Amino acid sequence: MEIQPIERAAVSDEVLGRLVTEILSGRLAPGDPLPAERELALRFGVNRHAIREALKGVRQAGLVRISQGDKTRVLDWRENAGLDVLTALAATGAVPSAELIRDVFEMRRSIAVDAARLCAQRADDEQVARVLDAAATYPEPGEVVTPEAIVAADIEFWIAVINGSGNIAYRLAMNTMLSGLETIGIPAIRHLGLLEEYTDRDSHVRLARHIADHDVEATTALATTLLSRVLDVLATTK
């Protein structure tokens, strides 16, 4: 079946993106009222249906409060938004890239260490095999590969670990973090000197073996050490 593009949806998405940018950038501050639908339609040059659809998205993101009979007011995104705005924060520059990278990697460490622990406890034979296979995709010492290939190998490994943990909330959180890091870009990660952890094949292979042995203590200790390296580097780049 051939699917035709729906231009009206694209228009509302564009309006949504612009409103989110205005809010996250602080140009629309918490407590500020949004203009009425009619005025927004005139400003953006779109119909009111597109405005309504965009406002639904902004509300679902936790960025505005829409009250019947009252103005739509901007909320403080730090108090009301969820992880789904992470990518927009990266795209708008509302939070400096270095700070956002630090925050993402702190969350990554917390989630990935616990996911590795759970994987060592819960993973079945098939899941363990996937973790071992993924660890084998890390580059050999001295092997010349692109930063993109290095990061791709790391993503494959940690997806296998998180899948083996059986925690769907961790998997969804990882999806959001990966989206945010993709927006920030590999060049920024490389510029900050964060690729050393990704190229440590030996540590990832040992971690996979600890998981295969269902050695929870050794898995947790090595995962903590390995995932703290990026944060140690970031601490020295302030």
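If you're wondering where the values come from, they're calculated on a predicted model, not measured in any experiment.
Nearest heavy-atom pair, A61 versus V85, reported as atom, atom and distance to 0.1 Å: O-CG1, 4.0 Å. Minimum heavy-atom separation, L19 to A54: CD1-CB, 4.5 Å. Across A88 and V20, no two heavy atoms sit closer than the pair CB-CG1, 3.8 Å.
The backbone N or O of D76 sits less than 3.5 Å from a side-chain atom of N80, completing a donor-acceptor pair. Formation of a donor-acceptor pair under 3.5 Å by the T137 side chain with backbone atoms of D133 is not found in this model. Using modelled atom types, one side-chain atom of D32 and one backbone atom of A29 make a donor-acceptor pair closer than 3.5 Å. Of the possible polar contacts, one joining the H214 side chain to the A120 backbone as a donor-acceptor pair under 3.5 Å is found. Using a distance-only test at 3.5 Å, with no hydrogens or angles considered, a donor-acceptor pair links the side chain of R73 to the main chain of G31. With hydrogens and angles disregarded, a donor-acceptor distance shorter than 3.5 Å links the side chain of R201 to the backbone of A136. A donor-acceptor pair is defined here as one N or O able to donate and one able to accept, closer than 3.5 Å; such a pair exists between the side chain of R122 and the backbone of S165. Of the possible polar contacts, none joining the R27 side chain to the E22 backbone as a donor-acceptor pair under 3.5 Å is found.
In the model, Y138 has no side-chain atom that pairs as donor or acceptor with a side-chain atom of D202 under 3.5 Å. Counting only N and O atoms by type, the side chains of R109 and S228 include a donor and acceptor under 3.5 Å apart.
A 4.5 Å side-chain heavy-atom check between V205 and L132 finds every atom pair outside the cut-off. Contact check for I150 versus P139: side-chain heavy atoms found under the 4.5 Å cut-off. Looking at V46 and L40, their side chains never come closer than 4.5 Å, going by heavy atoms from C-beta outward. Counting heavy atoms from C-beta outward, F44 and V11 have side chains that stay 4.5 Å or more apart.
Between R206 and D213, none of the side-chain N atoms (NZ, or NE/NH1/NH2) sits under 4.0 Å from a carboxylate O, so this pair counts as no salt bridge. Between R229 and D200 there is a salt bridge, since a side-chain N of the basic residue sits under 4.0 Å from a carboxylate O of the acidic one.
Between W158 and H204, the angle of the ring planes goes over 60°, which puts this pair in the perpendicular group of the 30/60° scheme.
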- request: Using the salt bridge (Lys or Arg N to Asp or Glu O under 4.0 Å) rule, take E126 and R130 through it: C-alpha gap first, then chi angles, then the decisive distance, then the call.
  value: CA-CA 6 Å; E126 183 178 348; R130 289 175 182 170; 2.6 Å; yes

field: side chain to side chain donor-acceptor pair (under 3.5 Å) between R171 and N175, intermediate numbers included
entry: CA-CA 6 Å; R171 184 68 171 87; N175 293 343; 2.4 Å; yes

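Heavy atoms from other residues, nucleotides or ligands lying under 6.0 Å from CZ of R65 number 12 at most. Surrounding CZ of R52 are more than 12 heavy atoms belonging to other residues, nucleotides or ligands, all under 6.0 Å away. By the neighbour-count criterion of 12 heavy atoms within 6.0 Å, atom CG of D125 is sparsely surrounded, having that number or fewer from other residues, nucleotides or ligands.
Here CD1 of I23 is found 6.0 Å from CG of L28. Values are rounded to the nearest 0.5 Å.
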